[in-house]
There are 2 protein chains.
Amino acid sequence: MALRYALLGLLTKGEATGYELNQRFKETMIHFWKAHHTQIYRELGKMEQEQLVSSHVIHQVEYPDKKLYKLEKQGQHLLLQWMMNMNVAQPTLKDDLLLKASLFHLIPKDVALSYLQKAKEQHLFGVGLMNEWRTTHFPGNEFSSADLGEYLTSEFGRRYMQHWIDWCDWAMAIIESEKNKESIERKQE
Amino acid sequence: MALRYALLGLLTKGEATGYELNQRFKETMIHFWKAHHTQIYRELGKMEQEQLVSSHVIHQVEYPDKKLYKLEKQGQHLLLQWMMNMNVAQPTLKDDLLLKASLFHLIPKDVALSYLQKAKEQHLFGVGLMNEWRTTHFPGNEFSSADLGEYLTSEFGRRYMQHWIDWCDWAMAIIESEKNKESIERKQE
DNA sequence: TTTCTCATGTAAAGGGTTACATGATTTA
DNA sequence: TAAATCATGTAACCCTTTACATGAGAAA
């Protein structure tokens, strides 16, 4: 049900095609929501039937035709109602790496370490991208009032990735020290 | 597909009923995976058909009968294969509050602040519970080698909640300073 | 020559949530 | 008296993912 609020929310910033909404999703909502393009097109179709949004086709010569979606009054009303009602659904997270990490006792320590090293590198890369994105979008940490939300949640994303990096470092240190304990025990035998 | 690995993983620590697995899920995997009891029973049934696990019924007098599940060789093999193959699925996160936060420009600043205050309190409570849990399970930060994974991921959970608290504080400060700017602008008019 | 961008979608399968069902015992 | 604990599950629905389909132009 919440996918529609995400889409309505993006449409408050202006008309857009399904394609563009998919891109904006990837750019600004990646840190707390994911949606496939197939899902986006279907939800837009449903919302048009319910008259929350409307669309008109734009013919293009060199490219395929596109369908511009626009937020309608009913859609805006529904969105604001949701924003104001103070109910917050439980978050859901599914993280394969953490699931594997919870079972690290089943595999050799060096394999565990390489999982963590890889995860750390990916998040380091992510922080780099995010810092670039933020300096182009919010130079000098300045933001327009319409960008308040994006400013806040992109900082959440940046901090989340940093938290991952720090945890990976901590976890790798723990595993290294366990490795050392083992080798000392072997020597004492 | 990954739910079954989570269940197989829990079963490496000993035989358990669907009911117990649901509880262990809530206790130790809450920070990176969630599953309904209906889903757990269904998956256990499927895995029994595929001979990854086996079960036998225990009759009880005062309580309903229960079905104890046991990890079979094929299940253990499948789990280890998954642990060793180094492919990690993309994590998926759906967070209602962050979605709302990304749209904070649409609502009054005081409503936004109360969302953040509530979230902060919930995570403060969570950190408290987690600290208790860790001091009973890992007194003096000592853990047995079979608990390595749990030790690592519970620390992830603790840090994640702390990251939330810190972000809420930061975000509330930003919104407060925006409120101040507005009231100064009003005075100058 | 392969991949990427643009742009939209359908169909099928898989995974997750909600509602319902049972029923004794214990705790608030 | 209401709710929680113990214990299992089915059925229906909803949401998400994957595979497939089209087809031109541009960049690597």
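Protein chains get the first letters and strands the later ones, always in sequence-line order, with residue 1 at the start of each.
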Please give me the minimum heavy-atom distance between L116(B) and C168(B), naming the atom from each residue.
O-SG, 3.7 Å

Look at Q60(A) and dA7(C) and indicate whether a side-chain polar atom (N or O) is within less than 4.0 Å of OP1 or OP2.
yes

Spacing between Q23(A) atom CD and dT5(C) atom C1', to the nearest angstrom:
9 Å

Y19(B) side-chain N/O to dC6(D) phosphate OP1/OP2 under 4.0 Å
yes

Could you tell me how far apart L7(B) (CG) and dG16(C) (C1') are, to the nearest whole angstrom?
14 Å

Going by the angle between their ring planes, with limits at 30° and 60°, are Y160(A) and W164(A) parallel, tilted or perpendicular?
perpendicular

Would you mind reading off the distance between K26(B) atom NZ and dA4(D) atom C1', rounded to a whole angstrom?
12 Å

Whether each nucleotide of nucleotides 9-18 of chain D has a protein heavy atom under 4.0 Å at its base (B), only at its sugar-phosphate (S) or at neither (-) is summarised, 5' to 3', as BB----SBBB

Whole-Å distance between dA7(C) C1' and R24(A) CZ?
16 Å

Rounded off to whole Å, could you give me the CD-to-P distance for the E48(A) and dT8(C) pair?
12 Å

Any ion pair linking E155(A) and R159(A) (charged N to carboxylate O, less than 4.0 Å)?
yes

What orientation do Y151(A) and F143(A) show, parallel under 30°, tilted 30 to 60°, or perpendicular over 60°?
parallel

Carboxylate-amine/guanidinium proximity below 4.0 Å for R4(B) and E43(B)
yes

Sugar-phosphate only, base, or nothing, as touched by E20(B) at under 4.0 Å among non-hydrogen atoms:
nothing

Rounding to an integer number of Å, can you tell me how far N22(B) CG sits from dT8(D) P?
10 Å

With a 4.0 Å cut-off, would you call K179(B) and E182(B) a salt bridge?
no

Over the length of the helix from dT1(C)-dA28(D) to dA28(C)-dT1(D), how much do the five-pair end axes diverge, rounded to 10 degrees?
60°

Interatomic distance where CG belongs to L68(A) and P belongs to dA7(C) [whole Å]
10 Å

Quick one: do K13(B) and D147(B) make a salt bridge, cutoff under 4.0 Å?
yes

Can you tell me if CD on Q51(A) sees more than 12 non-hydrogen neighbours from other groups inside 6.0 Å?
no

Salt bridge flag under 4.0 Å for residues R24(B) and E20(B)
no

Name the nucleic acid region contacted by Q90(B), choosing base, sugar-phosphate or nothing; use a 4.0 angstrom heavy-atom cut-off, strictly under.
nothing

